[in-house]
Protein chains: 2
Amino acid sequence: MADQDTFDLQSFLPYLLNQAAEASSLDFQSVYKGRYGMLRNEWRVLFHLGMYGRLTASDIRDRSGLHKTKISRAVQRLAERRFLTRVRDEQDRRAEHLELTAQGQAAYRDLRKIAKDYDDALAEMLGDEDVAALRRMLLRLAQRVS
Amino acid sequence: MADQDTFDLQSFLPYLLNQAAEASSLDFQSVYKGRYGMLRNEWRVLFHLGMYGRLTASDIRDRSGLHKTKISRAVQRLAERRFLTRVRDEQDRRAEHLELTAQGQAAYRDLRKIAKDYDDALAEMLGDEDVAALRRMLLRLAQRVS
DNA sequence: GCAGATTCGTTGCATGTGTAATAGTTGGAT
DNA sequence: ATCCAACTATTACACATGCAACGAATCTGC
């Protein structure tokens, strides 16, 4: 038949990507969830503020591609728990500047260290494979789409 | 400082994996959603039944790693829309055998063709990179976790 | 100045999700 | 035979999600 093409679900890139992403996400999730009671979006917002300093919600959206409602809700929870502060921009009173508190920075540094170790462990697990090529390909796949 | 380690969120493997997976999933989603009104989990169940024939919900869970409630709900919707039939196992009346209808098989063949083309397009986009190595690494990452 | 379009961020709503509890069935130990 | 543990699949519930609508503030063209 014409459609007895070689097609294996286990080799289909979107499927493989999802499996790998979900596995590593669930695995790493236990860290920030267990230590700080954070959810995935809160961890992401925390990391952006930790890496780039003071940002608005829109800045974070542009950099991360996260949906604005996810950011809004993550910021709300992070503020309640005193991981960040919100300061209204007096030049443009629609915008709010977000900045980590000392507690937020401490959590960021702690989690960053763990993330780095975890990343190293993944790279080591891949052994003699070309991890740099993997990152390069993932980046292209992430940036590519319509 | 000790924690001025080189750490870049954009290179963090779980983050990159998520970005790439979400991008390709959203992109491919438009196909099965647009053509058959299917959701992601329904597409996955359909593919498993299309590739491996008659299976129970537990079989699909073991092969796919999908959560059992996702499978239960996907099967429900696929059955309502006449993509599959459910047959109680008379030897073990807890289990149900799931099988694609002619309509389900037609949808599967159609989507499989599109999936293959899409996969080929992704591979071509990665150009001279080693796509086989990419699949190998993703598979190891997916299988590895705790 | 002013009206309409645009932007920032939040919220209402319908839908999707995982955890835990459930009903029904089977298998195993005594 | 009977009781209890294990298994299959579904459902209830609380929570996360994305879309659309929204209020407030700003910008644009005139």
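No hydrogens, no waters, no symmetry mates; every other heavy atom, side chains included, goes into these values. Chain letters run A, B, ... following the sequence lines, proteins first and then strands; every chain starts at 1.
With rounding to whole Å, A:Leu66 atom CG is found 15 Å from D:dA16 atom P. The distance between atom CD of B:Glu22 and atom C1' of D:dT17, rounded to the nearest whole Å, is 11 Å. C:dC8 atom C1' lies 11 Å from atom CG of A:Asp59, rounded to whole Å. Atom-to-atom, CG of B:Leu55 to P of D:dA9 comes out at 11 Å; the value is rounded to the nearest Å. Atom CZ of A:Arg61 is separated from atom P of D:dG18 by 14 Å (rounded to the nearest Å). Across the protein-nucleic acid pair, A:Lys68 atom NZ and D:dG18 atom C1' stand 11 Å apart, rounded to whole Å. As rounded to whole Å, 7 Å separates atom P of C:dT17 from atom CG of B:Leu39. Atom C1' of nucleotide D:dT11 and atom CD1 of B:Ile71 are separated by 16 Å, given to the nearest angstrom.
Here the nucleotide nearest the side chain of A:Gln76, chosen from C:dT11, D:dT10, C:dT17, is C:dT11.
A sub-4.0 Å separation between OP1 or OP2 of D:dT10 and a side-chain N or O of B:Ser72 is present. Using a 4.0 Å cut-off, some side-chain N or O of A:Ser58 falls inside it from OP1 or OP2 of C:dG9. Phosphate proximity of C:dT19 to B:His67: present, with a side-chain N or O under 4.0 Å from OP1 or OP2. Between D:dG18 and A:Lys70, a contact under 4.0 Å exists linking OP1 or OP2 to a side-chain N or O. Side-chain nitrogen and oxygen atoms of B:Thr69 include none within less than 4.0 Å of the OP1 or OP2 phosphate oxygen of C:dT17.
Residue order along DNA chain D, read from the 5' end via each residue's closest nucleotide, puts B:Ala57 first among A:Arg77 and B:Ala57.
For B:Arg81 (side chain) and B:Gly37 (main-chain N/O), a donor-acceptor pair under 3.5 Å exists by modelled atom type.
No chain of hydrophobic side-chain contacts below 4.5 Å, direct or via other Ile, Leu, Val, Met, Phe, Trp or Tyr residues, connects B:Leu46 to B:Val87.
Residues passing the side-chain hydrogen bond (donor to acceptor under 3.5 Å, both in side chains) test with B:Thr69 are B:His67, sequence neighbours excluded. For A:Asp130, there are no side-chain hydrogen bond (donor to acceptor under 3.5 Å, both in side chains) partners at least two apart in sequence or on another chain.
Side-chain atoms of A:Arg73 come within donor-acceptor range of the base of D:dG18, with a qualifying N/O pair under 3.5 Å.
Heavy-atom distances under 4.0 Å link DNA chain D to A:Gln91, A:Asp92, A:Arg93, A:Arg94 of residues 86-101 of chain A, given in residue order.
The aromatic rings of B:Trp43 and B:Phe47 lie tilted to each other, with the angle between the two planes from 30° to 60°. Between A:Tyr52 and A:His48, the ring planes lie tilted relative to each other; the angle falls in the 30° to 60° range.
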**Report entry** Worked check of salt bridge (charged side-chain N to carboxylate O under 4.0 Å, His left out) between A:Asp119 and A:Arg135
**Finding:** CA-CA 11 Å; A:Asp119 202 66; A:Arg135 292 189 216 269; 2.9 Å; yes

